[in-house]
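The analysis underlying the following values was restricted to heavy atoms, covering all of them including side chains, and did not include hydrogens, waters or symmetry mates. Below, chain A is the first sequence line, B the second, and so on; all start at residue 1.
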2 protein chains.
Amino acid sequence: MSSVFDALSHPIRREVLELLKRGGMTAGQLSDNFPVSKPTMSGHFAKLKAAGLIRGENRAGHIVYTLNLSTLEEAVMGFMNRMGISREGEAESGPETEISQ
Amino acid sequence: MSSVFDALSHPIRREVLELLKRGGMTAGQLSDNFPVSKPTMSGHFAKLKAAGLIRGENRAGHIVYTLNLSTLEEAVMGFMNRMGISREGEAESGPETEISQ
DNA sequence: ATGGTATTTAGGCATTATCCTAAATAAGGA
DNA sequence: TCCTTATTTAGGATAATGCCTAAATACCAT
């Protein structure tokens with residue numbers, strides 16, 4: 001779970017996930033969207049993959065990356081639920097702001 | 001928004017937020033829950049505060065930290081909605097996994 | 001085989017993060 | 001005022017991150 005939040009901490013990596021929302025893209029196609037070198041992008045892909053947020057699959061000399069939404073959902077929504085922010089509505093068990101001294 | 005995800009990338013900071021769910025706690029009370037020094041914890045608080053995730057208020061020689069849930073909700077749910085994971089249900093516009101070459 | 005395209009690995013460097021101890025600051029109570 | 005407690009700031013060591021260029025690898029087509 002920590003590796004998911006680590007992966008999400010970089011804006012390029014978050015944007016990669018958003019791009020993949022529409023469907024699979026190759027490493028090169030993804031890289032074209034960012035002002036950093038391809039090796040740098042490759043490092044970002046590796047981190048997203050290690051976190052289980054994307055999958056890479058070889059196809060005809062290219063590597064097609066696809067989103068793994070369920071990992072994102074489990075980690076992030078799991079945390080948000082623990083924070084009392086569920087899908088249904090606002091906070092669940094209201095924080096009473098009582099200071100236990 | 002990036003500062004929120006930065007702040008969430010450390011497990012201690014995520015756990016601090018979870019502790020504060022129940023209500024305000026002083027820096028010392030929070031620190032007692034973690035195996036690192038108080039100055040280190042102070043640094044974590046500063047980062048959470050800079051991201052707008054907690055507020056600190058002086059009270060009788062102590063500093064009481066309280067959660068700012070709305071910042072968390074806006075940043076994280078905003079991103080999740082952009083990813084097609086809304087509060088209502090699962091994915092919204094299904095990714096067709098078509099490779100645009 | 002040879003060449004070209006796509007991608008990653010290697011190596012290096014600068015910056016940032018994380019942690020520590022020691023010292024500074026702030027506030028309260030004797 | 002003086003001491004104690006609570007918290008932060010300062011300074012420093014170490015590790016991790018993010019970026020680059022150059023080189024290696026993989027794979028396809030000629």
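Going from atom NZ of B:K49 over to atom P of D:dT7 covers 12 Å, rounded to whole Å. Atom pair B:I54:CD1 and D:dT8:P shows a separation of 9 Å (rounding to whole Å applied). Taking atom NZ of residue A:K47 and atom P of nucleotide D:dC19, one finds them 10 Å apart after rounding to whole Å. Across the protein-nucleic acid pair, B:M41 atom CE and D:dT7 atom C1' stand 12 Å apart, rounded to whole Å. Protein atom CE of B:M25 is 11 Å distant from nucleotide atom P of D:dT7, rounded to whole Å. One can place CG of A:N58 at 11 Å from C1' of C:dT8, the figure rounded to the nearest angstrom.
Residues A:N68 and A:S70 bring a donor and an acceptor atom of their side chains to less than 3.5 Å of each other.
A:S31 is linked by a side chain to side chain donor-acceptor pair (under 3.5 Å) to nothing, counting only residues two or more places apart in sequence or in another chain. Every residue was checked against the side chain to side chain donor-acceptor pair (under 3.5 Å) condition with B:S42, not counting sequence neighbours, and none meets it. Remark: A:K49 pairs with no residue by the salt bridge (Lys or Arg N to Asp or Glu O under 4.0 Å) rule, at least two apart or across chains.
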Let me check something: any side-chain donor-acceptor pairs from residues 7-19 of chain A under 3.5 Å, sequence neighbours excluded? List them with distances.
residue : atom : partner : partner atom : Å
A:S9    : OG   : A:D6    : O            : 2.7
A:H10   : ND1  : A:I12   : N            : 3.0
A:R13   : NE   : A:A7    : O            : 2.8
A:R13   : NH1  : A:H44   : ND1          : 3.1
A:R13   : NH2  : A:D6    : O            : 3.3
A:R14   : NH1  : A:L8    : O            : 2.6
A:R14   : NH2  : B:S2    : OG           : 3.1
A:E18   : OE2  : B:R82   : NH1          : 3.1

Report all interatomic pairs (protein N or O, nucleotide N or O of nucleotides 4-7 of chain C) with separations under 3.5 Å.
residue : atom : partner : partner atom : Å
C:dT7   : OP1  : A:A27   : N            : 3.3
C:dT7   : OP1  : A:I63   : N            : 3.4
C:dT7   : OP2  : A:G28   : N            : 2.7

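The aromatic rings of B:F79 and B:F5 sit perpendicular to each other, their planes meeting at more than 60°, with 30° as the lower class boundary.
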Run A:L69 and A:K21 through side chain to side chain contact (heavy atoms under 4.5 Å, CB included) and show every step you take.
CA-CA 9 Å; A:L69 258 194; A:K21 206 189 105 187; 5.9 Å; no
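The shortest distance between the side-chain N/O atoms of A:T40 and the OP1/OP2 oxygens of D:dG18 is not below 4.0 Å.
Using a cut-off of 4.0 Å between Lys/Arg side-chain N and Asp/Glu carboxylate O, B:E57 and B:R55 are scored as not salt-bridged.
Contacts between residues 6-16 of chain B and DNA chain C, defined by a heavy-atom separation below 4.0 Å, involve B:H10, B:R13, listed by number.
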